[in-house]
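All remarks here apply to the structure that follows.
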Amino acid sequence: MSAPPLRVAPSELGDMPLFTTAEAEGRGISRRDLGVFVRRGLFWQPARGWYSSRMDAEIEERHLIRALAVLRSQGEGAVAIRHTAAVVHGLPLVRTDFDRVEIGKAGTTHGRTAKGVRVTGIDVGRMGCGEVAVPDLGTVRSVSPAWAVVGTAMTNNPLAALSAGDHALRHGLCTRGDIDGALDAARGATGVGRAREALVHLDPKHESPGETLTAAVLRRSRWDFEPQVWQTVAGRNYRLDFANEELMLAVEFDGQVKYVSPEVKEDEIAREEDLRSIGWDFVRVIWDDFDDESQILGEVAAKAAERGARP
């Protein structure tokens, strides 16, 4: 016996980033059809009673959709915290564990986790909570960007907090004072010491998460590298991602190396030739190099030795 036909054709649905069972029924999608769509891989369930058609969403977007579904299920008083708040604010994260959605509610509980969601009691009044507009998904309540950075450093990967914090500072989403204030307010909490040690390295000069990671690697080098060093050659101004001017050695992060146009590639070659003409040499870093950071440090050491640095 064949299954009864679907009341709504999948081709008619369009983009439905986040919706409830009731909202689906309002569009003529029965509960039975919802189950069929999920089994066919046309919808996925970010939380009980919630669905999304964005099957090709990347991991951060999936986390964001899950977070919004959970927050709306929790009702008034629930806010995004920690790395979930960073995602809500659009802060870039690296090396982050996205398996758990972090939710805060007024109260004293130390946190309870169920089905990939941790709900933690927080002091809502001191954490700069407010509504954040999320494209295509409406608004969601979250702690401030500063508290998102500090919370990420306390409970997730400190490098994730650095990439988020560098971006937030560079784009004026918070100040260094805001972050220091959040650290002071969190004094005595688990992980705040680790967060303070990590966040001392925040630097708005880092223009991308790749530069944040490059800076973290270079801090383990014997040589100091200054970010955002400008050089003028034949009347042209060039910015070096990281530079040691004594060695005349630059370290450059090439995040889009596979995607640049021929024109951009030609400009990059001309730039490097100009800089080499006045004595600069280069170590270039791409995303894959972070799989073995010792190789980056080894190349820096080898280049430094070539340029007469003491071993």
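This is a predicted model, so every value here is computed, not measured.
No side-chain heavy atom of Ile29 sits less than 4.5 Å from a side-chain heavy atom of Tyr51. By the 4.5 Å heavy-atom criterion applied to side chains, Leu93 and Glu60 are counted as neighbours. In this structure, Asp254 and Val285 have side chains that are not in contact, with every pair of non-hydrogen atoms separated by 4.5 Å or more. Between Thr21 and Arg31, some side-chain heavy-atom pair lies under the 4.5 Å cut-off. With a 4.5 Å cut-off on side-chain heavy atoms, Val79 and Lys105 do not count as touching. Two residues are said to be in side-chain contact when any heavy atoms from C-beta on lie closer than 4.5 Å; Val300 and Val251 meet this criterion. Ser142 places a side-chain heavy atom less than 4.5 Å from the side chain of His89. Taking the side chain as every heavy atom from C-beta outward, Phe290 and Gln295 never approach each other to under 4.5 Å.
Under a 3.5 Å cut-off, the side chain of Thr232 and the backbone N or O of Gly235 do not form any donor-acceptor pair. The main-chain N or O of Ala153 is found under 3.5 Å from a side-chain atom of Arg194 such that the two form a donor-acceptor pair. A side-chain donor-acceptor contact under 3.5 Å links Asp178 to the backbone of Thr175. Using modelled atom types, one side-chain atom of Trp147 and one backbone atom of Arg126 make a donor-acceptor pair closer than 3.5 Å. In this structure, the side chain of Asp281 does not engage the main chain of Ala250 through any donor-acceptor pair within 3.5 Å. Under the 3.5 Å distance criterion, the side-chain polar atoms of Ser163 are matched with a main-chain donor or acceptor of Pro92. Arg66 places a side-chain N or O within donor-acceptor distance of the main-chain N or O of Asp99, the cut-off being under 3.5 Å. A donor-acceptor distance shorter than 3.5 angstrom exists from the side chain of Asn157 to the backbone of Arg95, with no hydrogens or angles considered. The closest donor-acceptor contact from the side chain of Ser73 to the backbone of Ala69 lies under 3.5 Å.
Under a hydrophobic-cluster definition in which Ile, Leu, Val, Met, Phe, Trp and Tyr are linked whenever side-chain heavy atoms come within less than 4.5 Å, directly or via other members, Val217 and Leu240 are assigned to different clusters. One hydrophobic cluster, built from ILVMFWY side chains closer than 4.5 Å, cannot hold both Val200 and Val150; they sit in different ones. One hydrophobic cluster, built from ILVMFWY side chains closer than 4.5 Å, holds both Phe282 and Val233. Follow the hydrophobic side-chain contacts under 4.5 Å out from Phe98 and you reach Trp50 in the same cluster. At a threshold of 4.5 Å between side-chain heavy atoms, the hydrophobic network of Ile, Leu, Val, Met, Phe, Trp and Tyr places Met248 and Phe225 in two separate groups.
Looking at every heavy atom in both residues, Ala186 comes nearest to Met154 through CB-SD, 4.2 Å. Residue Ala160 comes nearest to Thr96 through the heavy atom pair CB-OG1, 3.2 Å, listed as atom of the first residue, atom of the second, then distance. The two atoms that bring Leu249 and Ala304 nearest to each other are CD2-N, 4.1 Å, heavy atoms only. Ala78 and Ile103 get closest at one heavy-atom pair: CB-CG2, 4.0 Å. Nearest heavy-atom pair, Leu91 versus Pro145, reported as atom, atom and distance to 0.1 Å: CD1-O, 4.4 Å. Residues Ile81 and Thr120 approach most closely at CD1-CB, 4.1 Å, considering heavy atoms.
Interatomic distance, CG of Leu68 versus OG of Ser52, reported as 10.5 Å (0.5 Å rounding). With rounding to the nearest 0.5 angstrom, the CG atom of Asp289 is 9.0 Å from the CG atom of Asp292. Between Thr20 atom OG1 and Glu25 atom CD the span is 8.5 Å, to the nearest 0.5 Å. Residue Leu159 holds its CG atom at 6.0 Å from CG of Leu213, rounded to the nearest 0.5 Å. The distance from the OG atom of Ser144 to the CG atom of Leu173 is 10.5 Å, given to the nearest 0.5 Å. Going from atom CD1 of Ile296 over to atom CZ of Arg220 covers 8.5 Å, rounded to the nearest 0.5 Å.
Residue-environment remark: CD (Glu268) exceeds the threshold of 12 foreign heavy atoms within 6.0 Å.
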Begin from the C-alpha positions of Leu218 and Phe242 and carry the test side-chain contact (heavy atoms from CB on, under 4.5 Å) through to its verdict.
-> CA-CA 9 Å; Leu218 291 177; Phe242 300 91; 3.7 Å; yes
Dump the intermediate steps for ring pair (Phe, Tyr, Trp, His ring centres under 6.0 Å) on Phe253 and His206, then the final yes or no.
-> CA-CA 11 Å; Phe253 173 72; His206 302 151; over 10 Å; no
Test salt bridge (charged side-chain N to carboxylate O under 4.0 Å, His left out) on Asp136 and Arg54 and set out the steps.
-> CA-CA 12 Å; Asp136 299 331; Arg54 294 195 173 173; 3.0 Å; yes
Step-by-step side-chain contact (heavy atoms from CB on, under 4.5 Å) determination, Gln231 to Val229 = CA-CA 7 Å; Gln231 291 286 289; Val229 172; 4.2 Å; yes
Residue pair Asp15, Ser53: steps toward the side-chain contact (heavy atoms from CB on, under 4.5 Å) verdict = CA-CA 6 Å; Asp15 183 30; Ser53 67; 3.5 Å; yes
Worked check of side-chain contact (heavy atoms from CB on, under 4.5 Å) between Arg176 and Asp203 = CA-CA 9 Å; Arg176 178 77 235 199; Asp203 193 335; over 6 Å; no
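Geometric assessment of Arg62 against the ring of Trp44 yields a positive cation-pi assignment under the 6.0 Å and 45° thresholds.
Ion pairing of Glu299 with Arg284 is absent here, as no side-chain N (NZ or NE/NH1/NH2) approaches a carboxylate O to less than 4.0 Å. The residues Asp274 and Arg276 are annotated as not salt-bridged, no charged nitrogen and carboxylate oxygen being separated by less than 4.0 angstrom. Residues Glu226 and Lys205 are paired through a salt bridge, judged by an N-O separation under 4.0 Å between the basic side chain and the carboxylate. Taking 4.0 Å as the cut-off between side-chain N and carboxylate O, Arg72 and Glu23 do not count as a salt-bridged pair. Looking at Arg219 and Asp224, no side-chain N of the basic residue comes within less than 4.0 Å of a carboxylate O on the acidic one, giving no salt bridge. A salt bridge does not link Arg271 with Asp267: every distance from a Lys NZ or Arg NE/NH1/NH2 to an Asp or Glu carboxylate oxygen is 4.0 Å or more. Under the 4.0 Å criterion applied to side-chain N and carboxylate O atoms, Asp184 and Arg187 are assigned as salt-bridge partners. Under the 4.0 Å criterion applied to side-chain N and carboxylate O atoms, Glu102 and Arg100 are assigned as salt-bridge partners.
Note on residues 147-174: pairs passing salt bridge (charged side-chain N to carboxylate O under 4.0 Å, His left out), not counting sequence neighbours, are Arg170-Glu207.
Screening Asn156, Asp97, Thr152 for a side-chain hydrogen bond (donor to acceptor under 3.5 Å, both in side chains) with His83, the sole residue that qualifies is Asn156.
Taking the six-membered ring for Trp and thresholds of 30 and 60 degrees, Phe37 and Phe43 have ring planes more than 60 degrees apart, a perpendicular arrangement.
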